[in-house]
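Note sheet for the following structure.
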Amino acid sequence: MSKPADISTKRLISLAPDNWVKWVTQIPDVIVGEILNSEFQWVSRQSDVLIRVENPQYGKFLIVNELQLRYKPEMPRRMRAYAALAEEKYNLPTYPVLINILKGSNTDIPTTYTSNVAGLRATQDYRVINLWEVDVNTVFETPLPSLIPFVPILKGGENEVVIREALQILRQDEQLNQLETVLAFFATFVIESALVQEIMRWDMAVLRESPWYQEILREGETRGRREELYSGIELALEIKFGTPGLDLMPIIYQITDLQRLKVIQQAIKTLNTVEELQRVCD
């Protein structure tokens, strides 16, 4: 049985850093310096990678790469935080990039974080790349070996012929052949698992060892628990407050943190008015 692949963002980007930074920035003459330590005093994430680069027009700057399985509402604030931490640590301006792998919903994904407190504004722009919008031919033609494992979910990559082509590229390169697990995982999103197993010619149990698979599994469990809490809160509101209580559900549906939802569920039992409960939800 194959060993689980190292599919950290740093590992993927290091396969061809020059082509990667030219792709994420769309700056053709950018020169890669080095991949830097992205650990900060309070924060360390496997999906965050810093690359020091240089360009005749813009000088030296940092590319902040954030790879997310699915977009999350807290990402604008997180992009602002990582850009600021990186700039403070290395004393260089930053070019933040958010790469979203799987499409979660049809909601527009913002490219700017803004806040305004008593007239004091904070703004952080960042580039957003959604892999489902990236033409699969770009990966083969550039080439972008970092994205070969994601071929099945790219635009035009959802068929057996293209997936087999991607697999052949992986198997011909010693640096890439351990990434078959990732390719297989994303292939199961677009074709039957039995066909994936036939194409890969190995036990699909290997796929279940993938960190991506484990994250999807945890995500599904969390979503299921969240739906249970929504249903419980809705029933409790209807029983205790009737229609005025149910009017709070649009606000509650915007809350995704499980702990906050549990607090609201408990508060329904003790509070006497909808207004009191709304203050808990805000």
Could you give the distance from [atom1] ([X]) to [atom2] ([Y]), rounded to the nearest 0.5 Å?
X: M249; Y: I233; atom1: CE; atom2: CD1; value: 6.5 Å
X: L102; Y: L69; atom1: CG; atom2: CG; value: 5.0 Å
X: L170; Y: Q172; atom1: CG; atom2: CD; value: 9.5 Å
X: I13; Y: I63; atom1: CD1; atom2: CD1; value: 9.0 Å
X: Y90; Y: L36; atom1: OH; atom2: CG; value: 4.5 Å
X: E54; Y: L92; atom1: CD; atom2: CG; value: 10.0 Å

Are the side chain of [X] and the backbone of [Y] linked by a donor-acceptor contact shorter than 3.5 Å?
X: T111; Y: V128; result: no
X: E276; Y: T273; result: yes
X: T188; Y: F185; result: yes
X: K240; Y: I268; result: yes
X: Y126; Y: P110; result: yes
X: R80; Y: T114; result: no
X: N159; Y: V162; result: yes
X: E158; Y: G156; result: yes
X: N19; Y: P143; result: yes

Practice problem: Could you walk me through whether R260 and L258 pass the side-chain contact (heavy atoms from CB on, under 4.5 Å) test, one step at a time? | Solution: CA-CA 6 Å; R260 281 193 65 195; L258 296 182; over 6 Å; no
Taking everything shown except [X] itself, do over 12 heavy atoms lie less than 6.0 Å from its [atom1]?
X: E174; atom1: CD; answer: no
X: Q26; atom1: CD; answer: yes
X: Y253; atom1: OH; answer: yes
X: D29; atom1: CG; answer: yes
X: K60; atom1: NZ; answer: no
X: D282; atom1: CG; answer: yes
X: E34; atom1: CD; answer: yes

[Y] and [X], any side-chain heavy atoms less than 4.5 Å apart:
X: I252; Y: C281; answer: yes
X: P96; Y: T94; answer: yes
X: L98; Y: I129; answer: no
X: R127; Y: M79; answer: no
X: I264; Y: L277; answer: yes
X: F61; Y: V53; answer: yes
X: Q175; Y: L15; answer: yes

Quiz item: Stepwise, does the salt bridge (Lys or Arg N to Asp or Glu O under 4.0 Å) test hold for R77 with E74?
Solution: CA-CA 6 Å; R77 182 178 289 104; E74 62 267 24; over 6 Å; no
Please give me the minimum heavy-atom distance between [X] and [Y], naming the atom from each residue.
X: V196; Y: A184; result: CG1-O, 3.8 Å
X: V64; Y: A83; result: CG2-CA, 4.4 Å
X: Y58; Y: I27; result: CE1-CD1, 3.9 Å
X: A86; Y: L50; result: CB-CD2, 3.7 Å
X: L147; Y: W20; result: CD2-CZ3, 3.9 Å
X: V32; Y: P17; result: CG2-O, 3.6 Å

Quiz item: Is the shortest distance from a Lys or Arg side-chain nitrogen in E160 or R164 to a carboxylate oxygen in the other one below 4.0 Å?
Solution: yes
Quiz item: Are R171 and E180 ion-paired here, with the side-chain N under 4.0 Å from a carboxylate O?
Solution: yes
Are [Y] and [X] connected in a single hydrophobic cluster, I mean Ile/Leu/Val/Met/Phe/Trp/Tyr linked by side-chain heavy atoms less than 4.5 Å apart?
X: L235; Y: L229; value: no
X: I191; Y: F189; value: yes
X: V280; Y: Y230; value: yes
X: I31; Y: Y95; value: no
X: Y82; Y: Y113; value: no

Quiz item: If you measure only the distance, is there a donor-acceptor pair under 3.5 Å linking the side chains of D125 and T112?
Solution: yes
Exercise. Say whether W132 and N100, considering side chains only, have a donor N or O and an acceptor N or O under 3.5 Å apart.
Key: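 Not at all, the side chains of W132 and N100 share no donor-acceptor pair under 3.5 Å.
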Practice problem: Starting from the C-alpha separation in whole Å, work towards a yes-or-no answer on side-chain contact (heavy atoms from CB on, under 4.5 Å) for I101 and L67. | Solution: CA-CA 7 Å; I101 299 174; L67 198 68; 4.0 Å; yes
Quiz item: Should F150 and V136 be marked as a side-chain contact (heavy atoms from CB on, under 4.5 Å) after you check the CA-CA gap, both sets of side-chain angles, and the distance that decides it?
Solution: CA-CA 9 Å; F150 303 103; V136 71; over 6 Å; no
Practice problem: Run the numbers on E66 and Q68 for side-chain hydrogen bond (donor to acceptor under 3.5 Å, both in side chains), then give the verdict. | Solution: CA-CA 6 Å; E66 176 69 24; Q68 282 291 307; 2.8 Å; yes
Quiz prompt | Identified side-chain contact (heavy atoms from CB on, under 4.5 Å) partner of Q259 from the options L261, I255, D257 | solution =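 Running side-chain contact (heavy atoms from CB on, under 4.5 Å) over L261, I255, D257 with Q259 returns exactly one hit, D257.
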Exercise. Assess whether side-chain contact (heavy atoms from CB on, under 4.5 Å) is satisfied between F140 and I148, documenting all intermediate values.
Key: CA-CA 8 Å; F140 294 122; I148 292 293; 3.9 Å; yes
